[in-house]
Amino acid sequence: MREYNHKKIEENWVEKWLRDNVYEAVDFSEKPKKYILEEFPYPSSNSLHAGHVMRYTVPDVYARYLRMKGYNVLFPMGWDAFGLPAENYAIKTGIHPAKITQDTIVNFKESFLRMGYGIDWEREIDTSDPNYYKWTQWLFLKFFENGLAEYKETPIWWCEELKTVLAEEEVLTDKDGNKISERGLKPVEKKMLKQWVLKIPEYAEKLLQGLDTVDFPESIKAAQRNWIGKSEGANISFEVDGESIEVFTTRPDTIFGVTFMVFAPEHPFIKKVWDKIENQSDVNDYIEASKNKSDIERQAEKDKTGVEIKGIKAKVPFAEREVPIFIADYVLMDYGTGFIMAVPAHDERDYQFAKKYGIEIIEVIKPENAESQDEVLFTGDGVMINSGEYSGVSSEEFKKIVVENLEKQGKGNSAVNYKIRDWVFSRQRYWGEPIPLIHTEEGFKAVCNTQNIKEVNENLPLELPDVPDFSPSDDGASPLERNSEWVNITYEGKPAKRETNTMPNWAGSCWYYIRYVDPKNDNEFADIEKMKYWLPVDRYFGGAEHTTLHLLYSRFWHKFFHDLNLVPTPEPYNWRINGGILLAPDGSKMSKSKDNGIDPMELVDKYGADALRTTICFMGPYDETYPYNPNIIKTVNKLIKNVYSLQEKVSDENSDEPTLKAYHSMVKNISEMIENLKMNTAVSEIMIFINHLKKVEVIGKDIWEGFLKVFSPFAPFVAEELWQEFNGFSEWKKENSMHLQPWPGFDEKFIQEETITIPVQINGKVRTEIVINCGDTEEIVKEKALSDEKVLKLTEGKEIKKFIYVKDKIVNLVL
RNA sequence: GCCGUGGUGGCGGAAUGGUAUACGCGGUGGUCUCAAAAACCACUGGGAUCUGAUCCCGUGUGGGUUCGACUCCCACCCACGGCACCA
């Protein structure tokens, strides 16, 4: 056995593949295109970690397969380079975040190269590069010009430790119900602040409908639908103190059951009618108390609390009745209108509240088929009762009647509400794209008109100034605020100030898949013809953590751009899969603090990138989470050693029949499996085939050639080495690369057997096996089965009621 | 509570109506060796009569459809993920 030296082999090919950009994607090629995308990494720490190689290996195998199948494959990579870790590290060390980021990118790229990922490096992008963020800023100005970016005072999540505001999507709930930041898991609180927001709710309907047109897993679609949170109902105006105030309800059919109304404590109307309130101090106490309660406390309360506002009443339209009004913090200011019609008989929360405060409960719907209704509370659909002339009508029908009537009176209309909130888009941090706006006396001005390319090129990129101190301020101002030279400018002859907040680090990743299509364009964010050729992304691989962050945000940007005719497709990604997580060998999560992780570059040193890649593929399905088993890579390394030695058995002689059969069925199976991303079973096919080859004396040339091809996506280095040697290429030429060769075919005739063994069942239980010729008629099989010794014994004296034969598969006798 | 995904050997997993556990890890026994490691070979779901063999049980639980169910249908249990006073 000759010596397999993975280091020597892998170093050699890394350099040659890069120099000649073997994995080049060609714009406007005649070949059919495939755009295979994986979420680009945030460059932090020294090199790729286990999670990265877990994410990137399977897409690379798939992209390599498609390339060999004759597709023009775009498989790009770049750096999501703005963000907090580099900035925090910079604050600690005093080294500029740009410097830290660039150093890290160098290390990351080296890791990518060592892993043998087949990337077109001519398309590498970096979101912190001014040539890139020039266009991120330009795209932001499109939102601004179209009224979708607004400076607005709203309740916003503030993280004291990160010293910045966060978007709704960046806030998680921990096990104890505390709200924490998505990055860093730090506590957050709600504050009223003026911030830049992007009006994603205006795209709620489009984002929802688009989900029906894309091939995403149900879990992602469900999570996004849930996040968007559409509910259909009606807006109904109630008369309160001579004024008309709207509520939103999904159940206008319960209007006869309204026995009270509730305002959220923050509702501005309270101030407006303050003079009429008889119990001002009670109301004021309640408002103050709920102000001081955190969201967590509000939720932790088992009981609903509230106070009646005495002195004012509400008039229920349609039912024409007066009801009392309360304030209670179970009504939220930022959903619906902050004012609700309460129907205790048909809403759980209203029911609890009414019980506690002894408010009247009127049942207006009873279940369709219930003989007697024990519980007062009923939240389903049914038949109207206690509703005057409408009693007996179905609640679904009554819903329509109510809305139609209110519409005629001008007191209501059917309406839709969404849970999704404005996307808070400014951050009080240094390391991000400056927002290219100017505060003037007449309001905000864009630094340029996006339509005018001359103006654009003069004013963009608005470069992030080099400041001596990039640490965040305690007062919530951006670090850029301290840089007065940069901040204070003249706009149209008058003093003005630059916007000092930066964009969140989602900004660059919202459109990076577009820039890969045309990464070096200085005059456009991307050429429309190139976008027409490459978009949309055919396969998008990434992490589950981005389901309602990046994946929703970038769909929003794309849909907006599509409405402006900037991009040719309505959706950015046609297909999506979320990858699983690699756990530590003991089944716990890998973490730096626990030091239980595995370092992929160490494994590459020890066993080779080929072994690591193949191991990752073999361990399990892409979208599953499972522990790392350190023994597998040893076995896979052995497998590769075997492959390396087996080339010595290759000869001019033809392979024998069993080898031909094993080969053709392997090619058939692996092709199907890679197509379906079942890399784990594809590797097991390779193992089965190699176990077979180890037993044979000679290997035919054609078979070996085909084997190297199917092996190459998994172990590209050793495959290239053996391919060059096998063909006797003395000098490296790009076009001779293993990885640019066509994928092998297979021939069914070798796979089909002449005789096969099939099981014979009696009453559904396997009792014996018989050997038949492929394609034998049912009569012949029946005769064979019935004359089998064991069958004779077991059927003796019994009548065979039914004979079932599934061609070439199974026989079942029913007694 | 609601939505989603999933439950198969000691472990990772294979099989989407036709011989359950492919492939691999681990384990047991053996070869080699003074010995160990490595390498290689054999066995490896549980149980019973017995050691050619034969039979029973077995894919979260309980039902159902079918000649035949891990696979399809109904109900339930559990785990994981998301959302959660959303009117």
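Because the structure is a prediction, the values reported are computed rather than measured. Naming convention: chains lettered A, B, ... in sequence-line order (proteins, then strands); numbering from 1 in each chain.
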How close or far is atom [atom2] of [N] from atom [atom1] of [X], stated in whole angstroms?
X	N	atom1	atom2	value
Asn631(A)	G27(B)	CG	C1'	12 Å
Lys355(A)	C85(B)	NZ	C1'	19 Å
Phe216(A)	C3(B)	CZ	C1'	18 Å
Lys641(A)	A39(B)	NZ	C1'	10 Å
Ile762(A)	C55(B)	CD1	C1'	14 Å
Lys793(A)	C55(B)	NZ	C1'	11 Å
Ile770(A)	G18(B)	CD1	P	19 Å
Asn629(A)	C25(B)	CG	P	9 Å

Consider the side chain of [X], meaning its heavy atoms from C-beta on, and name the nucleotide among [options] that approaches it most closely.
X	options	value
Lys790(A)	U54(B), C67(B), A87(B)	U54(B)
Pro627(A)	G13(B), C83(B), G12(B)	G12(B)
Ser231(A)	A87(B), U19(B), C57(B)	A87(B)
Asn812(A)	C25(B), G68(B), A87(B)	G68(B)
Phe618(A)	C23(B), G13(B), A84(B)	C23(B)
Ile688(A)	C67(B), C56(B), A22(B)	A22(B)
Thr249(A)	A15(B), G68(B), A87(B)	A87(B)
Lys179(A)	U19(B), A87(B), A84(B)	A84(B)
Met687(A)	G24(B), A87(B), G18(B)	G24(B)
Thr635(A)	A22(B), A14(B), G24(B)	G24(B)

Between Gln761(A) and Lys419(A), the residue closer to the 5' end of RNA chain B by nearest nucleotide is Gln761(A)
On RNA chain B, check which nucleotide each of Ile804(A) and Asp334(A) is closest to and give me the residue with the more 5' one.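 First, find each residue's nearest nucleotide; the 5'-ward one identifies Ile804(A).
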I'd like to know if [X] and [Y] make a salt bridge, using a cut-off of under 4.0 Å between side-chain N and carboxylate O.
X	Y	result
Lys668(A)	Glu685(A)	no
Asp788(A)	Arg767(A)	no
Lys355(A)	Asp303(A)	no
Asp776(A)	Lys784(A)	yes

Within 45° of the axis and under 6.0 Å from the centre of the six-membered ring of Phe216(A), does NZ or CZ of Arg576(A) qualify? no
May I ask you to evaluate whether [X] reaches the phosphate of [N], defined as a side-chain N or O under 4.0 Å from OP1 or OP2?
X	N	value
Arg767(A)	A53(B)	no
Lys765(A)	C57(B)	yes
Asn691(A)	G24(B)	yes
Lys638(A)	C25(B)	no
Asn680(A)	A14(B)	yes

Base-pairing mate for [N] - Watson-Crick or G-U, with both contacts under 3.5 Å:
N	result
C83(B)	G1(B)
C43(B)	G27(B)
A53(B)	U49(B)
G18(B)	C67(B)
G6(B)	C78(B)
C32(B)	none

Is the count of non-hydrogen atoms from other residues, nucleotides or ligands lying under 6.0 Å from Lys678(A) atom NZ greater than 12? no
Just checking Lys356(A): does its NZ atom have more than 12 heavy atoms from other residues, nucleotides or ligands closer to it than 6.0 angstrom?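 Yes, NZ of Lys356(A) has more than 12 neighbouring heavy atoms, counting only those of other groups under 6.0 Å.
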Take atom [atom1] in [N] and the same atom in [M], then report the distance between them in whole Å.
N	M	atom1	value
G13(B)	C73(B)	P	24 Å
C3(B)	G9(B)	C1'	33 Å
A20(B)	C55(B)	P	14 Å
U49(B)	G1(B)	P	48 Å
C57(B)	G68(B)	P	15 Å
A22(B)	G30(B)	C1'	26 Å
U65(B)	U8(B)	C1'	22 Å
C43(B)	C25(B)	P	15 Å

So what does [X] hit on the nucleic acid, given a heavy-atom distance under 4.0 Å: a base, only sugar-phosphate, or nothing?
X	answer
Pro621(A)	sugar-phosphate
Tyr626(A)	sugar-phosphate
Lys678(A)	sugar-phosphate
Val806(A)	base
Glu769(A)	base
Thr757(A)	base

Side chains of Asp350(A) and Tyr330(A): is there a donor and an acceptor less than 3.5 Å apart? yes
Anti or syn - G6(B), cut at 90° from 0: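 Base orientation: anti.
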Measure the CZ-CZ distance between Phe398(A) and Phe318(A) for me, rounded to the nearest 0.5 Å. 4.5 Å
